[in-house]
Novice: 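One structure, as structure tokens, below. Some questions next.
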Amino acid sequence: MNVLQTNLLHVLEEKEILLPENVKRILNECKSFTCFNTTEELADAATNGKDNNEFEVKYDVPGKGEYTEAIIHRVKNGISANYTEPYMRRRDPGTMSIGDDKPTGKKRFTEKYGYSFSKLQEETYDWLIERDLAVFFYFAGRRGIGSLGMAIAPANAGFFAMGLSMLQEIVPIDELRQEEEVKSVIFVAPVFRHTHFDGKQVVVHNRTDKVHELYSYNLYPGPSAKKGLYGVLLSQGEKEQWVTAHCSAVQSISPYDNVTTFMHEGASGGGKSELHQHIVREPDGRVLLGENTISGESRYITIPRFCSFKPIADDMAFCHPSFQKQDGKLRIMDAENAWFVRVDSVKGYGDDPVLEKTTISPKKPLLFLNIETKPESTALIWEHIYDEPDKRCPNPRVILPRDIVENTIDSSVSVDVRSFGIRTPLCSKENPTYGIAGLFHILPPAIAWLWRLVAPRGHNNPSIVGEGIMESEGVGSYWPFATGKRITHANLLLKQIIDTPRTIYALIPNQNIGVWKVGFKPQLLMREYLTRRGVAKLRSDQTQAARCSLLGYELNYLTIESSKIPSRFLKVYNQAEVGTEGYDHGAKVLQNFFHTELQKYRHKDIFQTGKKIIDACLSNASVEEYNEILPMNYQYLFYNIEDYEQSSNNNGLESRS
């Protein structure tokens with residue numbers, strides 16, 4: 001046992017910090033381990049020492065020989081890691097299984113693989129014991145909400161450990177508190193994806209009575225270092241009855257000093273990170289609204305001044321009870337120490353000047369994934385690696401510590417607008433699809449809840465391995481990462497919506513509106529427009545019930561700084577290439593998808609109010625019928641979920657004033 005090992009165990013003994021027995025066994029019996037205290041130390045370890053500019057992360061795989069998982073470059077602005085296998089450059093949505101016998105709505109390891117997880121656990125420990133290891137402590141969560149955890153990885157996977165230490169704040173051993181409890185542990189054993197799982201990404205959650213264990217059998221941070229520990233937070237929230245939302249958030253300030261806080265939810269690819277983007281002008285100063293994919297026409301608008309904004313969260317936010325004020329608004333706070341930012345929309349210099357500046361000359365080393373680099377070069381976020389000779393990787397990433405992002409808000413904030421994003425395909429008469437949503441829609445609370453239950457992953461998702469078809473990510477769009485019961489989370493979200501009636505709910509498409517290619521402009525223009533309005537309500541003649549009731553209310557007109565948005569961007573059936581025929585066919589596709597997915601929530605434990613909303617959807621209710629279940633208007637003496645559950649007629653509640 002070396003000096004570093006002895007020092008760690010001595011400190012833990014002095015501070016009366018008890019390690020789980022399986023962790024103690026690994027540390028006592030392993031070939032060696034180094035305990036890291038800073039991300040900078042792990043950045044040095046990523047290339048097997050700061051004097052090395054290039055390093056290959058490789059392992060001997062029984063029956064396969066030596067296999068290189070990733071090639072690491074030390075670059076001027078941090079560490080660049082590129083996986084040798086295109087499959088490893090995106091998150092596989094089927095990674096999770098449950099190794100314990102506690103309540104869950106997910107597949108258990110034994111169901112999925114046909115043998116007991118305890119056998120694989122022992123093999124994992126034996127594999128780790130034979131190696132030199134990297135060990136460190138982290139805090140899963142932020143600002144006191146969350147818990148202490150510990151990572152154990154092979155020493156040559158320093159880049160993975162670096163990413164984990166950024167996403168979940170690394171805790172130096174001298175900052176560990178007396179008698180602090182270790183509540184989660186990540187065991188990293190990448191070889192097992194080849195020896196046991198046919199090359200696939202696999203993460204197993206094993207919830208003991210005291211520790212939430214994560215077994216990461218791959219080196220892509222998405223399913224483990226990020227979403228795996230998201231699952232740890234969701235498990236804690238499920239026990240304590242609160243939610244960690246899958247969202248980004250910004251506080252936007254108009255040229256007239258109106259301040260509006262936006263919370264944007266959605267499945268992977270739904271535009272969460274993109275909410276932080278600045279609108280980029282054309283060379284002549286105009287803003288490109290969209291391009292018609294059939295006629296080739298481009299449509300522009302003019303906005304003299306944009307709103308400024310302050311980033312709050314990129315992908316996860318606490319909705320913790322400790323900072324709720326029971327004033328009819330939801331309060332949130334960022335749950336992450338760093339942001340895992342996808343940069344596929346940055347295709348060239350100048351596409352996102354603020355992010356480019358931040359990543360080219362950072363105050364501390366960054367971790368780049370799927371970015372083409374050379375040793376000692378500068379990693380440029382528009383230089384995406386190629387999966388094939390003519391096909392760039394759709395999921396280039398950079399891990400960005402939130403403390404180097406300018407003007408971030410650290411404290412909790414109240415939410416004014418809560419939007420939900422969906423990636424929509426092109427839609428036309430000849431090829432009708434669910435791409436029928438206009439620039440943005442206003443949703444009644446009941447329909448907003450339904451979108452969170454179904455959470456469509458949508459068209460051509462760049463973040464994950466898949467076929468690009470519409471699939472459901474489920475409750476709040478975070479169900480793929482949760483370990484508990486689906487109905488529990490559905491009820492938590494409904495209670496949250498009922499408890500916060502002073503909220504505007506919106507639905508926003510990205511990529512396409514009918515036959516128009518629009519990228520992420522809809523959510524950026526919604527941010528501009530609703531920030532300018534401040535607390536003012538939309539005029540009664542500005543909206544009408546959408547032709548497809550699942551889209552809530554559609555806009556009759558929209559003007560941003562004297563620039564009128566053409567009706568065809570607000571009502572897709574006004575596009576000649578779509579018409580009512582193409583729109584109605586797309587609406588049927590959407591309705592059928594909702595009807596299929598909502599069957600999962602027809603359960604005896606769902607709130608009665610939720611049952612009414614689901615039944616309304618299954619009977620193709622009108623927008624006004626949804627409003628009768630949960631009204632859009634609010635009173636300052638707010639009703640709560642108990643009022644709705646106890647009422648024999650949800651649309652007949654009496655005032656408590």
Side-chain angles (χ1 to χ4, degrees), residues 1-2 4-5 22-23 25-36 42 44-49 51-74 79-89 92 95 97 99 109 113 115 117-136 151-164 185-204 213-225 228 367 369-370 375 385:
M1 187 175 289
N2 63 33
L4 289 174
Q5 290 173 277
N22 52 355
V23 172
R25 176 193 159 196
I26 291 169
L27 296 186
N28 283 321
E29 298 180 18
C30 70
K31 186 176 179 182
S32 74
F33 73 80
T34 302
C35 185
F36 293 88
L42 285 166
D44 291 344
T47 55
N48 197 31
D51 295 330
N52 299 323
N53 293 322
E54 187 170 9
F55 182 69
E56 293 186 1
V57 181
K58 53 190 176 183
Y59 301 95
D60 287 321
V61 179
K64 196 170 187 175
E66 189 174 79
Y67 186 86
T68 301
E69 290 280 355
I71 297 172
I72 316 301
H73 291 158
R74 183 171 301 282
I79 295 294
S80 170
N82 280 302
Y83 300 94
T84 58
E85 190 179 339
Y87 163 76
M88 284 298 297
R89 297 169 188 165
D92 188 329
T95 59
S97 63
F109 185 90
Y113 299 107
Y115 61 95
F117 180 59
S118 59
K119 178 178 182 294
L120 186 63
Q121 278 180 296
E122 289 303 315
E123 291 180 39
T124 305
Y125 304 152
D126 290 343
W127 186 86
L128 288 168
I129 285 168
E130 293 172 356
R131 335 218 85 69
D132 298 310
L133 302 177
V135 173
F136 65 92
I152 301 175
N156 69 343
F159 83 96
F160 177 91
M162 175 190 176
L164 172 57
V185 180
I186 296 184
F187 302 94
V188 184
V191 165
F192 283 61
R193 82 177 180 96
H194 302 286
T195 57
H196 292 67
F197 302 116
D198 197 28
K200 300 298 183 183
Q201 301 171 27
V202 169
V203 174
V204 182
E213 298 176 344
L214 283 169
Y215 294 80
S216 178
Y217 296 114
N218 71 95
L219 290 179
Y220 182 62
S224 51
L367 178 61
L369 299 175
N370 308 328
I385 197 170

Novice: Report yes or no: does Tyr87 contribute a side-chain atom to a donor-acceptor pair with the main-chain N or O of Gln201 at less than 3.5 Å?
Specialist: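 Yes; at least one donor-acceptor contact below 3.5 Å.
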Novice: Nearest heavy-atom pair of Pro154 and Leu133: which atoms, and what distance?
Specialist: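 Distance-wise, the nearest heavy atoms are CA-CD2, 4.1 Å.
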Novice: Any non-hydrogen side-chain atom of Glu85 less than 4.5 Å from a side-chain atom of Tyr67?
Specialist: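 The answer is yes; the side chains approach within 4.5 Å.
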Novice: Can you give me the closest heavy-atom contact between Phe109 and Ser97, atom names plus distance?
Specialist: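 In this case the closest contact between Phe109 and Ser97 is CD1-OG, 3.7 Å.
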Novice: Please check if the distance between the ring centroids of Tyr217 and Phe192 is under 6.0 Å.
Specialist: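 Yes: the rings meet the under 6.0 Å criterion.
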Novice: Can you give me the closest heavy-atom contact between Phe136 and Ala161, atom names plus distance?
Specialist: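 The answer is CZ-O, 3.5 Å.
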Novice: So among Asp126, Thr124, Leu128, which one has a side chain to side chain contact (heavy atoms under 4.5 Å, CB included) with Ile26?
Specialist: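 Output: one option passes, namely Leu128.
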Novice: CD of Gln121 to CD of Glu213: how many Å apart, nearest 0.5 Å?
Specialist: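 The CD atom of Glu213 is 6.0 Å from CD of Gln121, to the nearest 0.5 Å.
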Novice: Output the distance between atom CG (Asp44) and atom CE (Met162), rounded to the nearest 0.5 Å.
Specialist: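 Between atom CG of Asp44 and atom CE of Met162 there are 9.5 Å.
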Novice: Answer yes or no: is there a side-chain heavy-atom contact under 4.5 Å between Pro221 and Leu164?
Specialist: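 A side-chain contact is absent here, since even the closest heavy-atom pair is not under 4.5 Å.
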Novice: Determine yes or no for a side-chain-to-main-chain donor-acceptor pair under 3.5 angstrom, with Arg131 supplying the side chain and Ala155 the backbone.
Specialist: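 Such a contact is absent between Arg131 side chain and Ala155 backbone.
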Novice: Using every non-hydrogen atom in the two residues, find where Leu219 and Ala157 come nearest and quote the distance to one decimal.
Specialist: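 Taking Leu219 first and Ala157 second, the nearest heavy atoms are CD2-CB, 3.9 Å.
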Novice: What distance do Asn53 atom CG and Ile72 atom CD1 have between them, rounded to the nearest 0.5 Å?
Specialist: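 These two atoms lie 13.0 Å from each other.
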Novice: Which of these, Val203, Thr95, Val204, sits in a side chain to side chain contact (heavy atoms under 4.5 Å, CB included) with Ser224?
Specialist: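 Of the listed options, the one satisfying the test is Val203.
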Novice: Check for a donor-acceptor pair, side chain of Asp198 on one end and backbone N or O of Lys200 on the other, with a separation under 3.5 Å.
Specialist: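 Flag not set: sc Asp198 to bb Lys200 has no pair under 3.5 Å.
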Novice: Ignoring hydrogens and angles, tell me if any N or O in the side chain of Thr68 forms a donor-acceptor pair with the backbone of Ala70 under 3.5 Å.
Specialist: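 Flag not set: sc Thr68 to bb Ala70 has no pair under 3.5 Å.
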Novice: Can you measure from CE (Met88) to CG (Asn218) and round to the nearest 0.5 angstrom?
Specialist: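 Separation between the atoms: 4.5 Å.
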Novice: Below 4.5 Å, heavy atoms only, C-beta onward: do Phe160 and Val57 meet side chain to side chain?
Specialist: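 Of all side-chain heavy-atom pairs linking Val57 with Phe160, none is under 4.5 Å.
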Novice: Between Tyr220 and Leu369, is there a side-chain heavy-atom distance shorter than 4.5 Å?
Specialist: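 With C-beta onward as the side chain, the pair touches.
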Novice: Between atom CG of Asn156 and atom CD of Glu69, what is the distance when rounded to the nearest 0.5 Å?
Specialist: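 Going from the CG atom of Asn156 to the CD atom of Glu69 covers 9.5 Å.
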Novice: Roughly how far apart are Arg25 CZ and Glu122 CD, rounded to 0.5 Å?
Specialist: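 Separation between the atoms: 5.0 Å.
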Novice: Find out whether His196 and Val202 are in side-chain contact, i.e. whether some heavy atom of one side chain is under 4.5 Å from a heavy atom of the other.
Specialist: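 No, side chains not in contact.
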Novice: State, with a plain yes or no, whether a side-chain heavy atom of Tyr113 is found less than 4.5 Å away from one of Leu120.
Specialist: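 No - every pair of side-chain heavy atoms lies 4.5 Å or more apart.
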Novice: Applying the side-chain hydrogen bond (donor to acceptor under 3.5 Å, both in side chains) test to Thr47, which of His73, Glu56, Arg74 qualifies?
Specialist: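 Testing each of His73, Glu56, Arg74 against Thr47, the sole residue satisfying side-chain hydrogen bond (donor to acceptor under 3.5 Å, both in side chains) is Arg74.
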Novice: So, do Tyr215 and Phe117 have ring centers that fall under 6.0 Å from each other?
Specialist: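 Centroid separation for Tyr215 and Phe117: below 6.0 Å.
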Novice: Are Thr195 and Pro62 packed together at the side-chain level, in the sense that at least one heavy-atom pair is separated by less than 4.5 angstrom?
Specialist: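 Thr195 reaches Pro62 side chain to side chain.
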